[in-house]
Amino acid sequence: MQWLKISLLIILVCGSEAYSLERDMRVLTSPEFEGRPSGADKPHQSAHYITRQFEKYGLDVHFQHFEFEYGFFDSASGHNVVAIQACQRVQCHSPIVITAHYDHLGKRGSRHYPGANDNASGVAVMIDIARQLQGVDIARDIIYVATDAEEKGLHGAKAFVKELGERQIYMNINLDMLDLQKKNRLYALASRTLKPLEAHIEETFKATSVKFRLFFSAKIMARRLAAPQVDWLRASDHYPFHRADIPFIYFGAGMDKNHHSVKDSLDKINFEKLTQVSNAITKFVLTLVSESDIASTTN
Ligand SMILES: [Zn+2]
C-alpha cells in the first residue's frame, strides 16, 4: 500500500511538470518518506528516489554501504548514494566531490519531520547540478554523494572519505540548508588553501541578486552570523574532508529558526531564490570541471 501511494505520488509530481527543484523537494519531504531517518538495514526509499534522478541524467550510480555507531551502544547500517559523471578525456584532472546529506530526523510518534531546508534543499540542488551538467565535456570526474547518517554524526561522509584512501580529490563542495528564506543571504565557508579562488568564487554570485558572503574562518563566520554556539567547521559533511586535507567549500544559508522542528516544511521554501542559488553553484562547478586556468593550474 505504501509503495502504491509513493508511486502515485511520484507519477503525480513528475507526470506533466517541467523540471523544478520543487518537485524533488516535494517527494523527499512527503509523509510517505517518513522524515528520511538516518541509517537502516536496506537503503531508504529516498536513496532509491535519488538514484533514479541521477540515472535520468546518465550517471553511474551505486550504494555505498557502511556501518556506524552512535550513542553508547547502538550501531546501524547506512547507505550513501554515489553517482559518477566520468571525464571522458585521455588526460583527466583529479575529481571533485559534491556532497549533500539526504537523511533527516525521521518520525517521532506520529509526527514526521519533513526536513525541507535540512537538507532536501541541498539534495535537490545537487540533482539539479547533475541535470544541468549532463553531457558536458568535463576535465575531471564529478562524484555526487548523497550522504546518509549525517544527522547522527557525519557518518556517511566519514565512510566515504575513509574509502577514498590515498586517492587524490581536488575539492569537496558540500551543500547543506540552502533555503535563503527572507534573508536573501548565502554563506560559504572554505578551506584556507582555497584563498586564491576567493575572487573567482565571489564573481559567480555577482550576477545574481543573492547577497553572498565567503569565509575562510569558522570563528569569524559564527561571529558574523551572530551564532557563537555553532561550529561551522564541524557542523556538516565537509568536516571529514577537511580532516583528510581535502580542500572544501561548504554552502549554506546560515541559521534557520525552524531547524530540526516539524516546521521545517516545504511551504517555507523560497524556490525562486533556491533556483538562483542552484544556477550560481552550477556555474561555479562548471568552471572547476572545465579546462580553465583555474582547473589546470592545480592537479
Ligand atoms: Zn543538515
Side-chain angles (χ1 to χ4, degrees), residues 21 24-25 27-29 33-40 44 46-47 49-50 66 68 70 76 78-81 97-108 112-129 144-161 172-181 183 185-190 215 218 221-222 225 227 229-243 248-266 268-270 273-274 277-278 281:
L21 291 159
D24 286 333
M25 287 187 64
V27 175
L28 291 168
T29 58
F33 276 53
E34 299 178 321
R36 308 183 305 281
S38 307
H44 188 260
S46 46
Y49 176 80
I50 295 162
F66 61 92
F68 66 97
Y70 63 97
H79 301 86
N80 294 332
V81 182
V97 178
I98 302 177
T99 47
H101 74 89
Y102 70 88
D103 68 309
H104 189 58
L105 304 180
K107 272 169 82 171
R108 299 206 178 141
H112 113 271
Y113 289 76
N117 189 19
D118 185 18
N119 184 31
S121 66
V123 173
V125 166
M126 180 165 69
I127 292 168
D128 190 33
I129 295 170
Y144 299 92
V145 191
T147 57
D148 191 2
E150 189 269 356
E151 298 285 2
K152 290 220 165 18
L154 319 179
H155 295 291
K158 283 176 187 166
F160 180 83
V161 168
N172 165 234
I173 295 174
N174 184 34
L175 312 172
D176 196 354
M177 297 176 66
L178 294 175
D179 176 40
L180 303 191
Q181 305 154 69
K183 293 176 292 191
R185 284 181 189 280
L186 182 73
Y187 301 101
L189 175 68
F215 298 96
M221 182 168 169
L225 270 66
Q229 75 282 16
V230 182
D231 181 345
W232 295 99
L233 181 63
R234 292 171 178 78
S236 183
D237 283 336
H238 48 280
Y239 184 57
F241 289 88
H242 171 73
R243 292 271 319 249
F248 74 88
I249 304 180
Y250 152 60
F251 289 101
M255 306 297 284
D256 177 352
K257 65 177 188 314
N258 298 316
H259 182 239
H260 286 192
S261 89
V262 288
K263 291 184 191 151
D264 178 8
S265 52
L266 201 67
K268 315 286 191 314
I269 304 293
N270 184 328
K273 296 269 188 267
L274 191 62
V277 166
S278 186
I281 296 176

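Ligands are counted one by one from 1 in listed order, and the atoms in each one are counted from 1 as well.
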I need the single residue from His104, His112, Arg36 that forms a side chain to side chain contact (heavy atoms under 4.5 Å, CB included) with Thr29. Which is it? Arg36
Metal proximity, Asp176 vs the Zn ion (ligand 1), N/O/S cut-off 2.8 Å: yes
Considering just N/O/S atoms, say which atom of Asp118 is closest to the Zn ion (ligand 1). OD1
Reference residue Tyr250; test ring pair (Phe, Tyr, Trp, His ring centres under 6.0 Å); the match among His238, His242, His101: His238
Short side-chain to backbone donor-acceptor contact, Asn172 and Val97, under 3.5 Å: yes
So does His101 have any N/O/S atom less than 2.8 Å away from the Zn ion (ligand 1)? yes
Are the side chain of Asp103 and the backbone of Glu151 linked by a donor-acceptor contact shorter than 3.5 Å? yes
